[in-house]
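The next block holds one structure in the form of structure tokens; read it before the comments.
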2 protein chains.
Amino acid sequence: MATIVDVATLAGVSTSTVSHVLNETRHVEPETKARVMQAVQATGYRRDVLARSMRRARTDSIGLVVSDAGEPAFADMVHGVEEAAAQNGVSLLLANSAEDPARETSAVEALLDRRVDGLIIARAAGSDGKLLDRIREEQKPLVLLDRLEELGGEHGNVDQVGVNNHAAMEALVGHLAGRGHERILLVSGDLRVSSLRERQDGFRKAMANRGLDVPPSLLCEGTVTAAETFQKVRPLIKGSAERPTAVLACSTLLAAGALRAVQKEGLRVPDDMAFAAFDGFTYSDLFHPQITTVRQPAFRLGESAVGLLLKRIEHPGAPTTIIRLDSELEFRRSTG
Amino acid sequence: MATIVDVATLAGVSTSTVSHVLNETRHVEPETKARVMQAVQATGYRRDVLARSMRRARTDSIGLVVSDAGEPAFADMVHGVEEAAAQNGVSLLLANSAEDPARETSAVEALLDRRVDGLIIARAAGSDGKLLDRIREEQKPLVLLDRLEELGGEHGNVDQVGVNNHAAMEALVGHLAGRGHERILLVSGDLRVSSLRERQDGFRKAMANRGLDVPPSLLCEGTVTAAETFQKVRPLIKGSAERPTAVLACSTLLAAGALRAVQKEGLRVPDDMAFAAFDGFTYSDLFHPQITTVRQPAFRLGESAVGLLLKRIEHPGAPTTIIRLDSELEFRRSTG
DNA sequence: CTGAAAGCGCTTACAG
DNA sequence: CTGAAAGCGCTTACAG
């Protein structure tokens with residue numbers, strides 16, 4: 001491989017000049033510049049990215065750590081991040097914490113070691129504040145994705161991109177209430193996850209807005225797998241005067257468990273039980289029951305995170321930005 | 001940040017010794033070693049990955065280029081690659097060609113520039129041999145994933161990981177034929193994609209094995225989007241004595257288009273039309289029609305690719321390996 | 001407008 | 001068993 005010295009020699013200039021031509025970092029006489037470019041052509045020279053990164057404070061790469069690469073919504077976010085990164089000429093280093101804070105930490109350390117210019121993180125459920133402290137200590141630009149930090153909290157001063165969970169929940173509950181549902185079972189999952197917490201909050205508020213009660217029997221919290229969810233939901237929907245008339249699941253995984261419980265109890269959707277879900281299932285309109293779904297703009301979430309991160313890298317001191325994208329509500333037969 | 005010089009100074013040794021202790025690359029007296037380790041602790045020293053990579057011929061990173069990050073099967077492969085990479089202590093650089101050969105080329109160039117230790121590629125539909133030549137020219141270890149190269153072909157001498165499409169197709173056709181289906185419509189998509197080509201080949205063979213004919217009216221080729229597929233499938237299944245009694249779609253996307261056509265024609269699955277698909281839909285057992293599916297072990301495909309690549313990196317001269325994993329057939333109601 | 005030279009933080013022959 | 005020193009391929013003050 002040709003080096004910058006080869007190019008300089010061939011062009012009859014110094015390596016400084018070659019470097020400056022390539023980086024457009026100081027004026028060079030057109031004629032000299034032309035000679036350099038010719039030499040670059042002739043030698044097939046390509047700048048050594050590693051040597052370059054070592055001298056500059058930049059690697060033109062960013063790191064992404066997701067909490068669950070297996071979930072379709074996260075896969076879409078990864079896709080969006082990749083797209084935006086490629087469009088901006090930065091490489092993407094991908095890691096998955098699999099909801100394990102220890103793996104998350106070591107993934108972040110590995111990315112810091114590689115000197116990525118910035119990090120995008122959708123944090124693991126049990127992740128604590130130390131991670132953010134560590135990244136701040138390194139003064140590394142950071143954007144939180146989907147799993148956000150409370151505003152005003154100790155670690156709240158970070159760029160963030162998420163969806164407007166409260167608004168989506170308000171619309172969904174409004175839709176159900178408008179169809180006469182007053183006892184709605186919320187399947188909210190692991191409340192250490194901020195997005196799930198927000199959905200539960202939004203649910204309570206939306207119910208309260210309509211003077212509707214949310215007794216504990218209408219909350220199914222804390223389940224992590226579909227199987228667990230199935231087990232926990234089943235008794236809650238068993239036939240009785242008090243049973244819910246609608247089930248609202250806060251993720252695809254939770255919806256799968258809950259829907260199986262509904263089916264196992266012999267309840268038809270929507271005749272015996274209305275059903276709606278966040279994220280939902282792909283091609284839902286092709287299958288019965290057709291599930292009313294809150295569709296997250298996952299791809300755009302990823303794109304936006306990159307946009308925010310690149311801005312932050314350019315302007316480390318700029319004020320914090322929080323982006324909340326709206327979800328799209330897809331009303332289908334499952335809610336009557 | 002502490003450098004190797006700081007550590008050497010504090011420990012009262014040369015930087016050579018520090019380097020050799022850290023890399024375990026030559027014997028060092030236990031006592032000296034201890035002093036070095038202490039100095040490492042005291043200074044909080046972390047090896048500069050960039051400087052290190054610059055001297056060594058390795059970066060401890062690998063690159064993955066997928067052809068369609070939006071497809072669930074590829075998302076799962078990415079997941080598997082990530083998992084295996086993390087387990088082996090190498091970082092993963094991810095890129096998506098979006099089925100565009102030009103993007104694929106520039107992604108590969110970017111990864112080569114970053115000196116990844118090896119590449120895993122699921123090639124774009126229109127990708128040609130130049131890409132492989134280029135990678136071979138750089139003598140960069142390479143594993144082909146899912147989209148494979150013909151054996152014995154000009155570029156055939158490459159490590160590859162894919163599924164056993166012929167076997168899956170044989171089983172699927174056997175299943176349908178066993179249920180009396182003789183006119184099966186194959187929706188095979190873009191035949192520039194090797195896996196789709198293999199499925200069509202497998203289909204022809206499996207049909208021939210049973211003395212069944214495959215007239216052009218039972219082949220729907222070349223569609224890329226679901227909408228296109230819908231348009232092209234619809235007339236082929238229109239009611240007539242000659243219409244197929246079963247539809248077999250070779251990917252999730254194709255299945256979506258084909259199933260919509262079936263529904264639009266008012267045909268019920270499986271009463272009026274049997275239906276089966278490769279890849280299929282998630283949580284297919286929860287929804288009607290429940291689709292008989294050939295489930296690719298996509299995650300394991302990704303893991304295997306990393307295994308092969310790391311072996312290749314260790315042993316550049318070893319003979320080529322081709323891994324074919326078996327798909328799992330999930331028989332459901334859609335095929336009666 | 002351009003060049004000579006230091007230096008980024010490592011690894012690795014070479015020498016003893 | 002260990003050290004002095006060259007060198008990887010760049011960028012960037014410094015100097016003219």
Side-chain angles (χ1 to χ4, degrees), chain A residues 1-40 42-61 91 109-110 112-117 138, chain B residues 1-40 42-61 91 109-110 112-117 138:
Chain A
M1 286 294 286
T3 74
I4 196 172
V5 174
D6 301 326
V7 175
T9 308
L10 186 59
V13 298
S14 72
T15 59
S16 320
T17 297
V18 175
S19 176
H20 282 122
V21 167
L22 260 29
N23 298 318
E24 301 188 314
T25 172
R26 84 176 173 195
H27 183 82
V28 175
E29 284 292 88
E31 193 205 319
T32 318
K33 193 184 279 187
R35 278 217 314 286
V36 169
M37 294 315 285
Q38 246 168 27
V40 167
T43 54
Y45 171 71
R46 307 184 59 142
R47 214 158 33 186
D48 185 312
V49 173
L50 255 37
R52 182 158 198 251
S53 295
M54 191 170 150
R55 293 306 332 254
R56 303 198 319 158
R58 275 173 87 144
T59 55
D60 295 319
S61 65
S91 293
E109 292 296 347
L112 290 175
D113 276 350
R114 291 200 178 269
R115 298 221 224 125
V116 291
D117 295 339
E138 296 278 338
Chain B
M1 285 295 286
T3 75
I4 198 171
V5 175
D6 300 327
V7 175
T9 307
L10 186 61
V13 298
S14 72
T15 58
S16 321
T17 298
V18 175
S19 176
H20 281 122
V21 168
L22 261 28
N23 297 319
E24 300 187 315
T25 173
R26 82 177 175 196
H27 183 82
V28 175
E29 283 293 87
E31 194 204 318
T32 317
K33 193 183 281 187
R35 278 218 314 286
V36 169
M37 294 314 285
Q38 245 166 28
V40 167
T43 54
Y45 171 71
R46 306 184 63 141
R47 213 158 32 186
D48 185 311
V49 172
L50 256 35
R52 181 158 198 253
S53 295
M54 190 169 151
R55 294 307 330 256
R56 303 197 318 158
R58 274 174 88 145
T59 55
D60 295 318
S61 64
S91 292
E109 292 296 346
L112 290 175
D113 276 349
R114 290 200 179 270
R115 298 220 224 124
V116 291
D117 296 338
E138 295 278 337

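Chain A is the first sequence line, chain B the second, and so forth, proteins listed ahead of strands; every chain is numbered from 1.
- Residue A:Ser19 places at least one side-chain N or O closer than 4.0 Å to OP1 or OP2 of D:dT11.
- Just one of B:Thr17, B:Val21, B:Val18 meets the side-chain contact (heavy atoms from CB on, under 4.5 Å) condition when paired with B:Thr32; it is B:Thr17.
- In this structure, A:Val28 and A:Val36 have side chains that are not in contact, with every pair of non-hydrogen atoms separated by 4.5 Å or more.
- Across residues 44-56 of chain B, B:Met54, B:Arg55 each have a non-hydrogen atom less than 4.0 Å from an atom of DNA chain D (numbered order).
- Atom CG in A:Asp6 sits about 11 Å away from atom P in D:dC8, given to the nearest Å.
- Partners of A:Arg115 under the salt bridge (Lys or Arg N to Asp or Glu O under 4.0 Å) rule, at least two apart in sequence or in another chain, are B:Asp48.
- Not one side-chain nitrogen or oxygen of A:Thr3 sits closer than 4.0 Å to the OP1 or OP2 atom of D:dG9.
- Counting to the nearest Å, the C1' atom of C:dC10 and the CZ atom of B:Arg58 are 17 Å from each other.
- Taking CG of A:Leu50 as the start and CZ of B:Arg52 as the end, the distance is 12.5 Å to the nearest 0.5 Å.
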Practice item. Give the C-alpha distance, both sets of side-chain angles, the deciding distance and a yes or no for side-chain contact (heavy atoms from CB on, under 4.5 Å) between B:Ser91 and A:Arg114. Key: CA-CA 9 Å; B:Ser91 292; A:Arg114 291 200 178 269; 2.6 Å; yes

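- The closest side-chain donor-acceptor pair between B:Asn23 and B:Arg56, if any, does not fall under 3.5 angstrom.
- B:Val5 comes within 4.0 angstrom of no nucleic acid atom, judged by non-hydrogen atoms across all strands.
- Computed from coordinates, the A:Leu22 CG to D:dG9 P distance equals 16 Å when rounded to whole Å.
- Between B:Thr32 and the phosphate of D:dT2, there is a side-chain N or O to OP1/OP2 separation shorter than 4.0 Å.
- A:Ser19 contributes no side-chain N or O that, together with a main-chain N or O of A:Thr15, makes up a donor-acceptor pair within less than 3.5 Å.
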Check your understanding: What dot-bracket string describes DNA chain C from 5' to 3', counting Watson-Crick and G-U wobble pairs whose defining distances are under 3.5 Å, with [ ] for crossing pairs and | for pairs to another strand?
Key -> |||.||||||||.|||

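- The interatomic distance linking A:Met1 (CE) with D:dG9 (P) rounds to 10 Å, in whole Å.
- What you find for A:Val7 and A:Ala39 is that their closest heavy atoms are O-CB, 3.6 Å.
- Every residue meeting the salt bridge (Lys or Arg N to Asp or Glu O under 4.0 Å) condition with A:Glu31, not counting sequence neighbours, appears here in chain and number order: A:Arg35.
- Taking CG of B:Leu22 as the reference point, atom NZ of B:Lys33 lies at 11.0 Å (rounded to 0.5 Å).
- By the salt bridge (Lys or Arg N to Asp or Glu O under 4.0 Å) test, B:Glu109 is found to be paired with A:Arg46, B:Arg134, residues two or more places apart in sequence or in another chain being considered.
- As a whole-Å value, the separation of A:His27 NE2 from D:dT12 P is 19 Å.
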Pairs under 3.5 Å (N/O, protein and nucleotides 13-16 of chain C):
none

